[in-house]
Amino acid sequence: ELVQRAKERRRLADFSIRAYQAIAEERITLGLRVRRWDRLFYRREVATRIAWEREGPVRIEVLGAREAVPLFLPRPRVPEALAGDLPHLAFDPADQRLLIGWTDPSFVRHPLAPDGEAHYRFASGGTTTIRLPDGRTVRLRELRIRPRRNDVHLIRGSFWLDADSHAVVQAVFRLAGDYDLERDTDDPDAGDEIPRVLKPIRARVDHVAIEYGLQDLGWWLPRVVTFEGWAQVGRLATLPFRYERRYSRYEVTATPTSPHPPLAADSAGPGAPGDRCRITILRTISADGEVRVQTRGGGPP
């Protein structure tokens, strides 16, 4: 019953949010570990102000941005080609992808998809209660998710659901298998041009956490998205990585809730931001005070 109600909640996406504004911060960290030698290889940090409208383009203002490559650059710099990297920060509240901003939303099979039982087993777990500032309480129920096989396209973990609406409030999981470039890529010739010294190329995602916050006591919107793991290049080098994204200072504009139009199975929602995003980068400010004004960029209007 819990799975079926969660599936129904996922199928009937909430379109009542017409617009929102938020601050989005993103940090990407990549290390380099060779035997006992452990160093920071790359780090990028971006802070943006997002203005999203359901019927209009997405506007993203970059408040600050910097990237550092300590092994090759003496000091941080402003990242290049920011416009192409930012659309994933703006999300459609009706987007039903498992991970906000996952490059390929079909890479991971969603446990609550119509065919979820073919790939997962489910069990009920614990319960907890959250007390809201207005005195109301929200009861959460745990849905434990177990893959039927060890596969990089499946997950293992738990979804915490609002007991009343069955919306996902928190998701904590990891991939059920490791990624191997030569085994898991759709391109059979992907590994032919890679030098043997750089093989094998593998990756593991050890931990993914997605937390939602109850905005204006009415809408569960993403607050924190993090994941971490490591990649292996060749026999000697390992690259630990960590990704963090945080949303804050929401301002939500919504219409009274109306019957929700059903989405097709595994739909990414109407007008996914990456497909229609128009970005205006007003300015970027690096750590040392350098200011760069950039031209308009982004996807098609």
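Please read these numbers as outputs of a predicted model, since none were measured by experiment.
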Are [X] and [Y] connected, step by step, through hydrophobic side chains (Ile, Leu, Val, Met, Phe, Trp, Tyr) whose heavy atoms are closer than 4.5 Å?
| X | Y | result |
| --- | --- | --- |
| V34 | I201 | yes |
| V168 | I130 | yes |
| F241 | I28 | yes |
| F227 | V172 | no |
| L71 | L73 | yes |

How long is the straight-line distance from [atom2] of [Y] back to [atom1] of [X], given to the nearest 0.5 Å?
| X | Y | atom1 | atom2 | value |
| --- | --- | --- | --- | --- |
| T226 | H207 | OG1 | NE2 | 4.5 Å |
| D115 | R109 | CG | CZ | 6.5 Å |
| Q170 | L161 | CD | CG | 11.0 Å |
| Q21 | E61 | CD | CD | 10.5 Å |
| R49 | L89 | CZ | CG | 14.0 Å |
| E142 | W160 | CD | CH2 | 4.5 Å |

Decide yes or no on side-chain contact (heavy atoms from CB on, under 4.5 Å) for W220 and D162, but give the supporting numbers first. CA-CA 10 Å; W220 291 104; D162 183 338; 3.3 Å; yes
Should [X] and [Y] count as side-chain neighbours, where that means a heavy-atom distance under 4.5 Å?
| X | Y | answer |
| --- | --- | --- |
| R18 | R54 | yes |
| V108 | H153 | no |
| P111 | I155 | yes |
| R204 | L175 | no |
| Y42 | L32 | no |
| W219 | V252 | yes |
| W230 | D206 | yes |
| V3 | Y120 | no |

Working note: E26 + R44, criterion salt bridge (charged side-chain N to carboxylate O under 4.0 Å, His left out); need CA distance, chi angles, decisive distance, verdict. CA-CA 8 Å; E26 182 180 59; R44 192 185 77 169; 3.0 Å; yes
List the atom of [X], the atom of [Y], and the distance in Å for their closest heavy-atom pair.
| X | Y | result |
| --- | --- | --- |
| R144 | S158 | CG-OG, 3.9 Å |
| A118 | R148 | O-CD, 3.4 Å |
| A176 | D151 | CB-O, 3.4 Å |
| P147 | R121 | O-NH1, 4.4 Å |
| V152 | G177 | CG2-O, 3.6 Å |
| L40 | L30 | CD1-O, 3.7 Å |

So, the side chain of T48 versus the backbone of A24: is there a donor-acceptor pair under 3.5 Å, distance only? yes
Any donor-acceptor pair under 3.5 Å from Y250 side chain to L214 backbone: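 It does not hold such a pair.
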How far apart are the C-alpha atoms of F122 and I145, what are their side-chain angles, what is the distance that settles it, and do they pass the side-chain contact (heavy atoms from CB on, under 4.5 Å) test? CA-CA 5 Å; F122 301 95; I145 301 166; 4.2 Å; yes
Is a donor from one side chain sitting under 3.5 angstrom from an acceptor on the other, for R43 and T29? yes
Any chance [atom1] of [X] has more than 12 other-residue heavy atoms, nucleotides or ligands included, within less than 6.0 Å?
| X | atom1 | answer |
| --- | --- | --- |
| R149 | CZ | yes |
| R139 | CZ | no |
| R5 | CZ | no |

Partners of R202 by side chain to side chain donor-acceptor pair (under 3.5 Å), sequence neighbours excluded?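 Residues passing side chain to side chain donor-acceptor pair (under 3.5 Å) with R202: D180.
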What's the verdict on side-chain contact (heavy atoms from CB on, under 4.5 Å) for L112 and L143, showing C-alpha distance, side-chain angles and the deciding distance? CA-CA 11 Å; L112 301 180; L143 177 63; 4.1 Å; yes
Students often mix this up, so state it plainly: with edges at 30° and 60°, are the rings of F159 and H110 parallel, tilted or perpendicular?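 F159 vs H110 ring planes: perpendicular.
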Salt bridge (charged side-chain N to carboxylate O under 4.0 Å, His left out) involving R156 - partner list, sequence neighbours excluded: none
Ring centre gap for F91 and Y20 strictly below 6.0 Å: yes
Can you tell me which residue among H88, E25, R27 is in a side chain to side chain contact (heavy atoms under 4.5 Å, CB included) with R245? H88
